[in-house]
Amino acid sequence: MRAAAEPDGPPFFLTATPTVGPPEQRHVDVRLWYLIEGRRGQPLTPDPGEFRAARWWTPTEVAAADPGTLDPHLPRALAKLAAG
């Protein structure tokens, strides 16, 4: 099994999202989406300078979450994965 921080191949998805806030701080977030392999209980060690927290989500948890708290492109990314 690959480590959680080790992508298995090239990105499967690319998104660009304009940010909100004061005009002088606005920019476009460009994200490369990678598929990684993991297992329940596997520890995540995010960069504390980039993230406040990280955790694994089940598909049921993602579906039940408030869409405003998730990346706006997540539904499209999950649909792409489900389509193969």
Side-chain angles (χ1 to χ4, degrees):
M1 176 183 299
R2 295 175 150 307
E6 191 176 340
D8 188 19
F12 74 92
F13 204 55
L14 169 72
T15 59
T17 308
T19 63
V20 297
E24 66 277 3
Q25 294 179 357
R26 292 183 194 158
H27 60 279
V28 175
D29 277 341
V30 176
R31 295 185 179 139
L32 302 173
W33 296 60
Y34 290 90
L35 184 60
I36 60 172
E37 184 178 337
R39 65 183 183 282
R40 271 186 211 273
Q42 182 174 346
L44 296 175
T45 53
D47 179 338
E50 294 286 332
F51 302 96
R52 285 181 286 198
R55 70 179 185 93
W56 296 109
W57 291 62
T58 66
T60 303
E61 289 172 323
V62 171
D66 174 2
T69 64
L70 302 173
D71 185 289
H73 301 288
L74 183 59
R76 288 180 36 235
L78 293 176
K80 182 175 175 84
L81 286 174

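Looking at every heavy atom in both residues, Phe12 comes nearest to Leu35 through CD2-N, 3.8 Å. Taking each heavy atom of Leu32 and Pro11 in turn, the nearest pair found is CB-CB, 4.1 Å.
The closest side-chain heavy-atom distance from Thr15 to Val30 is not below 4.5 Å.
In this structure, the side chain of Gln42 engages the main chain of Arg39 through a donor-acceptor pair within 3.5 Å. Judged by distance alone, with hydrogens and angles left aside, the side-chain atoms of Thr19 form no donor-acceptor pair with the main-chain N or O of Val28 at under 3.5 Å. With hydrogens and angles ignored, the 3.5 Å screen pairs a side-chain donor or acceptor of Glu61 with a backbone N or O of Thr58.
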Without placing hydrogens or testing angles, list every side-chain donor-acceptor pair under 3.5 Å for residues 64-74, not counting sequence neighbours.
residue : atom : partner : partner atom : Å
Asp66   : OD1  : Gly68   : N            : 3.0
Thr69   : OG1  : Asp66   : O            : 2.7
Asp71   : OD1  : His73   : N            : 2.7
Asp71   : OD2  : Arg31   : NH1          : 2.0
His73   : ND1  : Arg76   : NH1          : 2.9
His73   : NE2  : Thr17   : OG1          : 2.8

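A search for ring-ring contact (aromatic ring centres under 6.0 Å, His included) contacts involving Phe13 returns Trp33, not counting sequence neighbours. Residues passing the side-chain contact (heavy atoms from CB on, under 4.5 Å) test with Pro18, sequence neighbours excluded: none.
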